[in-house]
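Some notes on the structure that comes next.
What you are looking at is a predicted structure, and each value in this text was computed from that prediction instead of being measured. Note on naming: letters A, B, ... go to the chains in the order of the sequence lines (proteins, then strands), and numbering restarts at 1 for each one.
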There are 2 protein chains.
Amino acid sequence: MFAEYLFAEYPHAAARVFSGIGGEAVPLMLQTVSNRHPHHFSKDATLLLEGDKCNVVYCVLDGWIALSKALEDGQNQIIDFALPGDIVDPVAADGTTSSVTIEALTDASLAAISYGSWEIMISEWPELYHLAHLVEAARQARRDERILRLGKGTAEMRVAYALLEFCIRLAPACGSECHQFHIPLTQQQLGDYVGLSSVHVCRTMRRMVRNGILEMHDHMDIRILDAPSLARLAGVDIEELKREIVPTRM
Amino acid sequence: MFAEYLFAEYPHAAARVFSGIGGEAVPLMLQTVSNRHPHHFSKDATLLLEGDKCNVVYCVLDGWIALSKALEDGQNQIIDFALPGDIVDPVAADGTTSSVTIEALTDASLAAISYGSWEIMISEWPELYHLAHLVEAARQARRDERILRLGKGTAEMRVAYALLEFCIRLAPACGSECHQFHIPLTQQQLGDYVGLSSVHVCRTMRRMVRNGILEMHDHMDIRILDAPSLARLAGVDIEELKREIVPTRM
DNA sequence: CGTCTCATTGATCCGCCTCAATAGCTGTGG
DNA sequence: CCACAGCTATTGAGGCGGATCAATGAGACG
């Protein structure tokens with residue numbers, strides 16, 4: 001939503017968007033070099049790595065972006081996924097360093113907007129501020145839902161919620177009542193997202209398949225057969241969840 | 001930090017702050033009626049409850065505010081604490097409803113700023129926008145740290161991190177190198193924050209006391225005796241954590 | 001002095017992790 | 001074409017961390 005408006009209704013700002021990177025009027029491309037090295041970024045994209053200066057906001061135009069943190073022992077936790085239309089502002093409270101690691105899970109393209117450009121854009125087009133506010137509210141609402149389930153939910157609830165979240169967030173790309181979608185994740189990554197081991201993710205999803213709630217085909221092509229049951233497992237009302245995590249212009 | 005600037009450097013805005021509530025130049029008071037009914041709000045504060053319209057941002061002036069969500073079965077998870085200087089914007093992606101339940105853990109006072117006032121203030125005083133951005137970045141950074149530990153950390157790590165977070169966030173109120181502080185929480189509430197049962201919170205903290213890392217006195221007066229060990233248990237570097245979660249004007 | 005709340009400690013149970021083995025799939029090189 | 005390696009998914013077996021249940025202690029309060 002955000003990206004569409006950005007480009008459709010404010011071409012002046014859209015042009016300015018790309019000026020954040022070396023003044024060039026082309027989007028920053030993040031490309032995974034190969035499946036073997038999914039963490040590798042093209043050179044321009046190393047800006048995104050933890051510890052670097054960050055004085056830009058990214059708007060995801062295409063692809064899946066994962067924001068993650070790791071413990072010393074190597075344990076990795078995916079904090080959130082950023083999908084097209086989402087805004088990524090990884091800055092920590094010191095205003096300069098990034099608090100998360102950012103990686104592209106698929107080939108992806110981002111628009112980089114420097115803080116300076118961003119402020120100018122907002123002052124010139126207040127509607128942009130409202131839209132960004134809604135996108136940020138959506139991000140916060142879905143992280144809060146996940147915190148709730150990380151703290152208090154069972155494995156089944158966590159996985160069911162994650163699948164519903166994907167279903168809802170991907171719906172704009174495949175029709176409003178689409179219950180079939182693809183997630184570019186291994187079970188290991190899905191486990192890193194919901195706080196479970198890959199083994200237990202596998203068991204949990206297998207059980208859902210056996211119970212006729214899901215269908216799965218080669219590597220995470222998912223079809224939800226029984227959405228009400230899945231929502232019950234996740235402990236959510238689907239319509240209510242949509243209101244909370246899908247940015248909607250008033 | 002934010003609140004100080006708000007009042008010290010922009011009295012005009014500060015006056016406007018309170019105009020969000022019925023035009024009265026007094027802050028909205030949230031008072032717990034008694035310890036027996038900590039969830040009870042004074043009448044004016046019911047604005048804050050989940051499901052209500054929310055078109056205001058709150059700036060915490062004094063007291064502890066808890067943001068929480070609950071599952072159907074009554075399980076409660078505290079998403080975050082808002083302390084003096086923090087900004088609370090509970091709105092969900094629909095732009096109107098709140099995605100969390102807000103409650104005061106102590107007597108508390110909040111400044112309520114309507115979205116309209118907020119935009120005017122920002123346009124008149126751009127520095128306010130930068131400050132709010134840092135406060136929001138701090139909120140996000142500490143929630144991300146907690147998501148990491150909810151997903152991958154042991155009980156010891158979760159509790160240790162929470163204590164360090166409190167220590168750092170409360171430091172401005174009691175000197176920069178203060179390792180002694182009070183948290184107005186029961187072990188049940190601390191458990192709701194870190195995703196553990198109150199029983200296990202008790203065991204974990206007792207062990208820390210036995211190991212000479214902490215001292216505890218009547219209901220959560222805490223003194224950190226061995227900060228390096230606590231930081232090791234939490235899996236953080238204290239200085240790094242400060243940079244990430246304490247808003248700092250550049 | 002009884003009641004209420006909260007902290008503490010013990011005992012038991014279970015959900016999920018870990019380890020391990022197998023199977024399926026893809027790409028690669030002989 | 002087959003053989004092999006590498007990665008992911010799947011399934012089983014066993015162990016452990018934290019939940020749950022239960023009992024006692026300790027202040028705070030009326």
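The nearest whole Å value for the distance from the CZ atom in B:Arg206 to the P atom in D:dG25 is 17 Å. Straight-line distance from the CD atom of A:Gln187 to the C1' atom of D:dC7: 13 Å, rounded to whole Å. Across the protein-nucleic acid pair, B:Arg207 atom CZ and C:dA7 atom P stand 18 Å apart, rounded to whole Å. Rounded to an integer number of Å, the gap from A:Met205 CE to D:dT10 P is 8 Å.
Scanning for side chain to side chain contact (heavy atoms under 4.5 Å, CB included) contacts around A:Val88 gives A:Tyr58, A:Val60, A:Leu67, A:Ala82, A:Pro90, A:Ile102, with sequence neighbours left out. In terms of the side chain to side chain contact (heavy atoms under 4.5 Å, CB included) criterion, residue partners of B:Ala155 (sequence neighbours excluded) are, by chain and number, B:Leu196, B:His200, B:Thr204. Taking the ring pair (Phe, Tyr, Trp, His ring centres under 6.0 Å) definition, one finds that B:Tyr193 meets it with B:Phe81, B:Phe166, sequence neighbours left out. For A:Ala234, the side chain to side chain contact (heavy atoms under 4.5 Å, CB included) partners at least two apart in sequence or on another chain are A:Ala160, A:Tyr161, A:Leu164, A:Val236. For B:Arg139, the side-chain hydrogen bond (donor to acceptor under 3.5 Å, both in side chains) partners are A:Gln140, B:Glu136, not counting sequence neighbours.
A heavy atom closer than 4.0 Å to some atom of DNA chain C occurs in no member of residues 146-165 of chain B. Of all the residues in residues 214-223 of chain B, B:His219 reach under 4.0 Å from DNA chain C with at least one non-hydrogen atom.
Within the structure, every pair that satisfies the salt bridge (Lys or Arg N to Asp or Glu O under 4.0 Å) test and touches residues 144-168 of chain B, not counting sequence neighbours, is listed here: A:Lys69-B:Glu145, A:Arg143-B:Asp144, A:Asp192-B:Lys152, B:Glu145-B:Arg149, B:Glu156-B:Arg207, B:Glu165-B:Arg169. For residues 224-233 of chain B, no pair satisfies salt bridge (Lys or Arg N to Asp or Glu O under 4.0 Å), with sequence neighbours left out. Residue pairs meeting the salt bridge (Lys or Arg N to Asp or Glu O under 4.0 Å) criterion with at least one member in residues 209-221 of chain A, sequence neighbours excluded, do not occur. Residue pairs satisfying the ring pair (Phe, Tyr, Trp, His ring centres under 6.0 Å) criterion with at least one member in residues 201-231 of chain A, sequence neighbours excluded, are absent.
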Using a cutoff of under 3.5 Å, can you pull out all pairs of nitrogen or oxygen atoms linking the protein to nucleotides 20-22 of chain D, with atom names and distances?
none

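Between A:Met208 and A:Leu233 the shortest side-chain heavy-atom distance falls below 4.5 Å.
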